[in-house]
Structures are given as C-alpha cells and as structure tokens.
Amino acid sequence: MTSRCDEIEELAGFVADSYFPNDKIDPYKLAEANGISYNFGHYEDAFDGLLEYRDHAFHIYGNADRIRDESYPRARFTFAHELGHYYIDEHRLSLESGSAAVACLTDFQSDMSVEREADHFASYLLMPNQRFLSYARTCSKGSAAIRTLADAFGTSLSSTAIRYARSNVSPVIVMCWTSALRRWCWSSRDFYDLTNNWAFKDPSRLPRDAETVRLLGDPTLTAKPRGTTLSTWFPRVRRGSLQDFIMIEDVLSLGAYGVITLLYSER
Ligand SMILES: [Zn+2]
C-alpha cells in the first residue's frame, strides 16, 4: 500500500505543480482544463460528489445539500477527490470501460480502497507535499496550526488535521468525534506504535471534564487546551505505565459535525 500511496502522492504533486506552480490549487479550473464539465445540484444525502463518464465525456456532480457551493473547503476537497478518479489510471479506465460511477462520500468518510485513494489524491493535490511541509514547519503547535494551514490551502479542518498528522511535521494525534462515536484517528510516526490509531470508539468513555466532551455538548463554547494522559484515550496504553505520557488536549469545533481533538506533548 505504501508504494501505491507514494505513486498517488507523486501524481497529485505533478498535477499541482504543472497547473498551479505558484498559486492555490483551483480544482474547478483543473476540471475545465481537462474538458470535464460540472454542476452543483440538490441530491439530498445520496453522495458528496460523483464522476460520470457518458458519451465519451466526463462530468462531475457536486451535491450542494452536503458540500454547499464551490467556495467551501469541503466542496473543493470533493472536486479534488473526483479529479482523483479521473487522474488515477485504474479508476478512469474502469469508468471508460463501462463500470458504474461511485457515489462518493469524500474527506476520509469511506473505507473503500478506491475512495481512500481518491481522498489521498485530493489531499496531495490541494496540499502539495513540499509546500505543505514548508508552511507547516513555520506554524505553532496545536489547533492554531491546523487553522492557519486550512486557511492557506483552502482545505477543510478535518482533511488538514489528517494531513498534518500523516506528514509527521511534529508529534501529534488527531481524532474526529461526534456525540455518537469517534469517527477517525490518525497518529504521527512518533505515536503510531503506541496507539495503532485505536482510540476509544465511544465518547461516553471519555472524562466528562474533557474539552472534547464539553464542546460536543455545546459547540458555542471556546476550547481551552488542557492537560491529559494518553491512557485516557487509548485502551491499549496502561494507566500509570511508562507509555502513559502527559499530553495537551486541544480541540477544534466543527459545529454540527462534531469536534477534532489534537493530542500533543508540551515539550
Ligand atoms: Zn470517490
């Protein structure tokens, strides 16, 4: 999987540098440059986006009911994801040979391998590796870094947080929670062996005074970074053991969509 990921990163970086060597990446211009038409429509909860091949032409459908209009970071990510299905040879050839289009749930919501690959492409298209690393190294730690990077690259807080952890810019764990469950968890290299990204699934396992729980209860509250321990979040870390590191819990609210929790060490 690693080499496949590397290939996709390289492809996305090549496309980004070819079309937008100095500017923020514009997935709509990129669609137009490739002769791909698109529209935003109201498709209720059916999908975020969809790439269709019909009459020897590609068309992207964006679902305004889920990703709003084209200025929103989630819409940009969804379009970049659909372009992934176009640029990744196996995906495009499958559509051209008559396979049904995938009704996409983007931004790392799906575990299907084609969807993960298109998300991976979108992440590296909108946040080209060298540009992302150079900028991220100038940012302070925690939620402020995610906000700054999301603003700079026009990306959603969730896709930026995942990318930040995966790029190993600094040791960090990022998780996304709704009041019903923990949706995803990614750890940078320094923490992965300890966590395996297996955080508790059920938010009721978290302490009631955790910032994550407080903001899930009331998204209008302002988050304050606070001390915590790794075992509070990860069942495989034994309380009081040498691995039970002291961490900072820092939270970003996603409003109705839940919260992102960042854990990092103060040092
Ligand atoms: Zn897709």
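Residue indices begin at 1 and follow the sequence shown. Predicted, not measured: the structure shown is a model, and the values here were computed from it. Just so you know, these numbers use all the heavy atoms, side chains as well, and skip hydrogens, waters and symmetry mates. Indexing begins at 1, ligand by ligand and atom by atom, following the structure's order.
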[Y]/[X] salt bridge by N-O under 4.0 Å criterion:
X	Y	result
Arg116	Asp111	yes
Glu117	Arg4	yes
Asp48	Arg74	yes
Arg214	Glu211	yes

Worksheet item: Near the Zn ion (ligand 1), which protein N/O/S atoms are found at less than 2.8 Å?
Response: His81 NE2, His85 NE2, Cys104 SG, Glu115 OE1
Worksheet item: Which of parallel (below 30°), tilted (30 to 60°) and perpendicular (above 60°) describes Phe132 and Tyr164?
Response: perpendicular
Worksheet item: By side-chain contact (heavy atoms from CB on, under 4.5 Å), which residues pair with Asn22, not counting sequence neighbours?
Response: none
